[in-house]
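These numbers were taken from a predicted model, which means no experiment stands behind them. Heavy-atom basis, side chains included; hydrogens, waters and symmetry copies ignored.
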Amino acid sequence: MASLDRNNKILLGLVRQQEQGNNMCADCGVPEPDWASYTLGVFVCLNCSGIHRNLADVSKVKSIRLDLWDDSLVQFMRERGNSAAKALYEKCVPAFFYQPQHKDCIVLKDQWIRAKYERREFTGENNKQAYCSDQFESTLWKKGKDNKQFLKRIFLLSRKDFTLRYFIKEDSKFPKAVISMKDLNAVFQPEKISHAHGLQISYVHDKHTRNLFVYHEKGQVIVSLFNAIRATRLAYLQKKHPTLRDSDLIPQLTGHCLKEGYMEKTGPTHREPFKKRWFTLCSMNRKLLYFKSPLDATELGAVFIGTEGHSYSASESSGRCARGGRWHCGVTLHTPDREFVFMCQQEQQQQEWLEAFRKVISQPMTPEDYANEANMTRGK
């Protein structure tokens, strides 16, 4: 016998059980999930429940507030729960494997959920996955350096020499580029690339940041490449820093852009006309890069951001005297050598950039940061 009110109250009580892990979504970690898979015994959020609906052979979901629950299903949820499911479905997750949060793009969350429940990749019962191999090869669609056209390219990732190569044709004897794991970063950018599986790969070439924009039609392939890159980066860092623990290295594998968007900038004398540029701020390398447009292959310039103790700071500035500028919400980035003046279109964007700059400035610098600062100073 099912009772809507009584059983829903029981389920809401189960969601509050922190010791069972039920107070957060089993898949993305967002608090207070209000859906549940009654075949897997996990509590999930609304967004993840939509992904579970696409796994009809594995997972069936109901709202714990609005749907009718039979007594037997409620008892099943009592006996299971998120912690028990985690012990089974996440038993053997590799240290490098990216576990998405609720703000991550859909393809990352979709493939994480499919890998756990549909393909059961982390239960210990399946064979070695492609992203764990010493070599990973895939044909991707890559945006041309000087045009908007995407063309097929063959990518080869090697953990033996810590490189990512790509070739123009299958029978090409020599790669178009050989990319070291030293400064490589990969981040999903579906909106920027205008594809749900869009991945941006960045690396340093001739002291400038080079961007590759790629995608694959299959979500599993592009996410596998992403995790294979993280595995190769981890192997590289383990060799470079043999005394550090994996827990210290994992945050360095790949990094999100802390802030991206358009601002207007002027030149070093502050009398030059303001020009609209696309800016990218990454906390992992403490660099503010600017481009003419979001899909440019190479930056126009870069600014290293140190700490307050090294005379770096960020403040609001007036935009009343902006030469040729259309925007008037100013941000000044103070460095030991120069003051950079930027203009934002809205006050909210101004505050977001200030917050992002100050977050980077508040972080202590690593030995690699000092080396990057010195290299950028010598390159001027």
Side-chain angles (χ1 to χ4, degrees), residues 93-100 104-116 118-122 126-145 147-205 209-237 253-256 295 297:
V93 180
F96 61 79
F97 198 96
Y98 186 80
Q99 300 182 33
D104 280 307
C105 63
I106 293 176
V107 68
L108 275 171
K109 292 187 285 187
D110 176 76
Q111 289 303 313
W112 168 239
I113 290 171
R114 289 182 181 276
K116 284 203 296 183
E118 188 177 56
R119 300 192 293 268
R120 297 172 69 97
E121 292 181 7
F122 314 123
N126 285 330
N127 295 327
K128 187 177 180 181
Q129 302 299 321
Y131 47 75
C132 295
S133 301
D134 289 338
Q135 188 167 290
F136 186 100
E137 181 176 344
S138 180
T139 300
L140 307 175
W141 290 97
K142 173 191 168 293
K143 179 185 173 295
K145 181 179 179 180
N147 56 56
K148 297 181 180 180
Q149 187 176 10
F150 280 80
L151 300 171
K152 283 189 175 183
R153 296 290 183 260
I154 297 90
F155 283 77
L156 181 63
L157 180 68
S158 174
R159 204 179 302 184
K160 294 181 179 179
D161 61 2
F162 308 120
T163 60
L164 175 65
R165 293 173 165 85
Y166 75 88
F167 302 80
I168 294 178
K169 297 180 180 179
E170 290 185 7
D171 58 354
S172 297
K173 293 183 179 180
F174 302 101
K176 178 68 175 177
V178 180
I179 305 166
S180 168
M181 288 293 112
K182 180 178 181 294
D183 299 301
L184 185 143
N185 187 36
V187 60
F188 278 92
Q189 295 277 20
E191 293 182 2
K192 182 191 287 190
I193 300 174
S194 298
H195 194 283
H197 305 160
L199 183 70
Q200 177 178 330
I201 300 172
S202 304
Y203 61 98
V204 176
H205 178 67
T209 298
R210 174 82 163 88
N211 292 326
L212 305 180
F213 302 99
V214 301
Y215 70 85
H216 194 280
E217 294 90 344
K218 295 182 179 180
Q220 183 179 354
V221 174
I222 199 70
V223 173
S224 291
L225 170 64
F226 176 67
N227 280 299
I229 288 173
R230 287 175 58 86
T232 308
R233 279 274 298 162
L234 178 58
Y236 167 79
L237 292 172
L253 301 186
T254 54
H256 290 284
L295 291 178

Any side-chain heavy-atom pair of Arg165 and Ile179 under 4.5 Å: no

Between Tyr215 and His195, how do the two ring planes meet: parallel, tilted or perpendicular, split at 30° and 60°? parallel

Within this structure, what is the CD1-NZ distance for the pair Ile168 and Lys142, rounded to the nearest 0.5 Å? 8.5 Å

Could you walk me through whether Ser202 and Asn211 pass side chain to side chain donor-acceptor pair (under 3.5 Å), step by step? CA-CA 5 Å; Ser202 304; Asn211 292 326; 2.7 Å; yes

Gln111 and Lys218: CA distance, side-chain angles, deciding distance, side chain to side chain contact (heavy atoms under 4.5 Å, CB included) verdict: CA-CA 10 Å; Gln111 289 303 313; Lys218 295 182 179 180; over 6 Å; no

What heavy-atom pair brings Gly219 and His197 nearest, and what distance separates the two atoms? N-CE1, 3.3 Å

Within-4.5 Å side-chain heavy-atom neighbours: Lys176 and Arg153: no

What pair of heavy atoms forms the shortest contact from Tyr236 to Phe162, and how long is it? N-CE2, 3.5 Å

Keeping the roles fixed (side chain from Arg159, backbone from Ser133), state whether a donor-acceptor pair exists under 3.5 Å. yes

Report yes if some heavy atom in the side chain of Lys116 is under 4.5 Å from a heavy atom in the side chain of Val93; otherwise report no. no

Only distances under 3.5 Å count here; give the side-chain donor-acceptor pairs of residues 222-235 to other protein atoms, sequence neighbours excluded, each with its distance to 0.1 Å.
from   : atom 1 : to     : atom 2 : distance (Å)
Ser224 : OG     : Gln220 : O      : 2.8
Asn227 : OD1    : Tyr98  : N      : 2.8
Asn227 : ND2    : Val223 : O      : 3.2
Arg230 : NE     : Phe96  : O      : 2.6
Arg230 : NH1    : Thr254 : OG1    : 2.6
Arg230 : NH2    : Phe96  : O      : 3.2
Thr232 : OG1    : Ala228 : O      : 2.8
Arg233 : NE     : Leu253 : O      : 3.1
Arg233 : NH1    : Met181 : O      : 2.7
Arg233 : NH1    : Lys182 : O      : 3.1
Arg233 : NH2    : Gln252 : O      : 2.5

May I have the step-by-step check of side chain to side chain contact (heavy atoms under 4.5 Å, CB included) for Phe167 and Glu137, ending in yes or no? CA-CA 11 Å; Phe167 302 80; Glu137 181 176 344; over 6 Å; no

I need the single residue from Leu184, Asp183, Asn185 that forms a side-chain contact (heavy atoms from CB on, under 4.5 Å) with Val204. Which is it? Asp183

List, one per line, each side-chain donor-acceptor pair under 3.5 Å for residues 187-194, sequence neighbours excluded.
from   : atom 1 : to     : atom 2 : distance (Å)
Gln189 : NE2    : Glu260 : OE1    : 3.1
Lys192 : NZ     : Gln200 : OE1    : 3.0
Lys192 : NZ     : Glu260 : OE2    : 2.7

Output the distance between atom CZ (Phe136) and atom CD (Gln129), rounded to the nearest 0.5 Å. 11.0 Å

Taking atom CD1 as the centre, does Ile106 end up with more than 12 heavy-atom neighbours from other residues, nucleotides or ligands that are less than 6.0 angstrom away? no

Among Leu140, Leu212, Val107, Val214, find the one that has a side-chain contact (heavy atoms from CB on, under 4.5 Å) with Leu199. Val214

Answer yes or no: is there a side-chain heavy-atom contact under 4.5 Å between Trp112 and Gln99? yes

Less than 4.5 Å apart, side chain to side chain, heavy atoms only: is that true for Tyr131 and Glu121? yes

Thr209 side chain reached by Tyr203 side chain, heavy atoms, under 4.5 Å: no

Is the side chain of Ser172 donor-acceptor paired with the backbone N or O of Phe174 at a distance under 3.5 Å, no angle test? no

Measuring only between side-chain heavy atoms, which start at C-beta, is Trp141 closer than 4.5 Å to Lys152? yes

